[in-house]
Amino acid sequence: MKPVLFLDSGIGGIPYCRYFHRRNPGQSIVYLADRLHFPYGSREKEELAAVLIKLVEQIIQTVNPCIIVVACNTATLAALAQLREHFPALPFVGTVPAVKPAALASKTGKIGVLGTELTINESYIRELAAQYASVEIVGVAAPELVEFVESRLDSAPPEETREIVRRYVNRFRTEGVDAVVLGCTHFLFLEEDFRREAAPGIAVFESVKGIAQRIESLLAESSVREENAPDAPNRLLLTGTAAPEPSWAVWAERLGLSLALLNAVCP
Ligand code: DGL
């Protein structure tokens, strides 16, 4: 069975991978963290697209996945169209901020999108705003929140985490927003904190379940399934040559994946 590959700059895609893996324990999976190029959000769009095209070339040679899930809003907005163009035989699933359900649910006509600099500056958000002409989008870039999740999620005291989340929620509240979209996969780790701080009055939107369903429906198509291929091991792969930081071993254990460097995995 060829694996489904989840890709992010760091731990951000893990909630998608974990949710999918729990629902589909028999499907082999690989999680790839491109820690070498973290953070994606502060890069130029063209530069990031070039990085991702190279990375996907390497992934195809080493992992040979049946689907690539770009479990990163920034990478999706910067490069998904180009990736599909470069690798037409490989199905890609992207993640984009869940603006549509938030816009439909909003009563104040103002929704908030929290993402990386690249995501918030990307024209996709403006195009969506134009599409839902009656809805105003308040975009807030939060690179320090990405950094916080990537490096301090497990070690930060809960009060500190709550305080950081509260600051963002209050900013949206002051703007009159009643729906907030977590437009960066890293922020899903803080979803409960966001929901707690946002209630009552502000609803929180994410896209984990929708992405899992999309992968499942692609797998159900016979052209994607490879019944006769040998089983691939479930792995957590990292880019770069430096030895993994101890936190990666913890994630590998939590997810039941074996940890390795992408460079060290033979085709
Ligand atoms: N997790 C990524 C996203 O969903 C971005 C993190 C980064 O800046 O690398 O946008």
Kindly say whether Leu257 contributes a backbone atom to a donor-acceptor pair with the side chain of Asn234 at under 3.5 angstrom? no
Is there a side-chain contact between Leu7 and Leu55, using heavy atoms and a 4.5 Å cut-off? yes
State, yes or no, whether a side-chain contact exists between Leu182 and Phe205 at a heavy-atom distance under 4.5 Å. no
If the threshold is 4.0 Å, N to carboxylate O, is there a salt bridge linking Arg162 and Glu197? no
Distance-minimising heavy-atom pair for Cys66 and Pro91: O-CD, 3.2 Å
Any donor-acceptor pair under 3.5 Å linking the side chain of Glu150 with the backbone of Ile11? yes
So, Thr119 versus Thr74: side-chain donor-acceptor pair below 3.5 Å or not? yes
Looking at Arg35 and Thr239, would you say the former's side chain and the latter's main chain have a donor-acceptor pair under 3.5 Å? yes
What do the steps show when you test Asp34 against Tyr40 for side chain to side chain donor-acceptor pair (under 3.5 Å), and what is the final call? CA-CA 9 Å; Asp34 184 14; Tyr40 281 173; 2.7 Å; yes
Close side-chain approach of Val70 and Phe92, heavy atoms under 4.5 Å: yes
Expected output: side-chain Ser106 to main-chain Ala103 donor-acceptor under 3.5 Å: no
Please verify the inter-ring angle class for Tyr31 with Phe6; under 30° counts as parallel, over 60° as perpendicular, anything in between as tilted. parallel
Are any non-hydrogen side-chain atoms of Phe172 and Asp178 less than 4.5 angstrom apart? no
Would you say the side-chain atoms of Arg195 pair up with the backbone N or O of Val204, donor to acceptor, closer than 3.5 Å? yes
Would you say Lys2 and Pro65 make side-chain contact, with heavy atoms under 4.5 Å? no
Closer than 3.5 angstrom, by distance alone: can the side chain of Thr76 be matched with the main-chain N or O of Thr95 as a donor-acceptor pair? yes
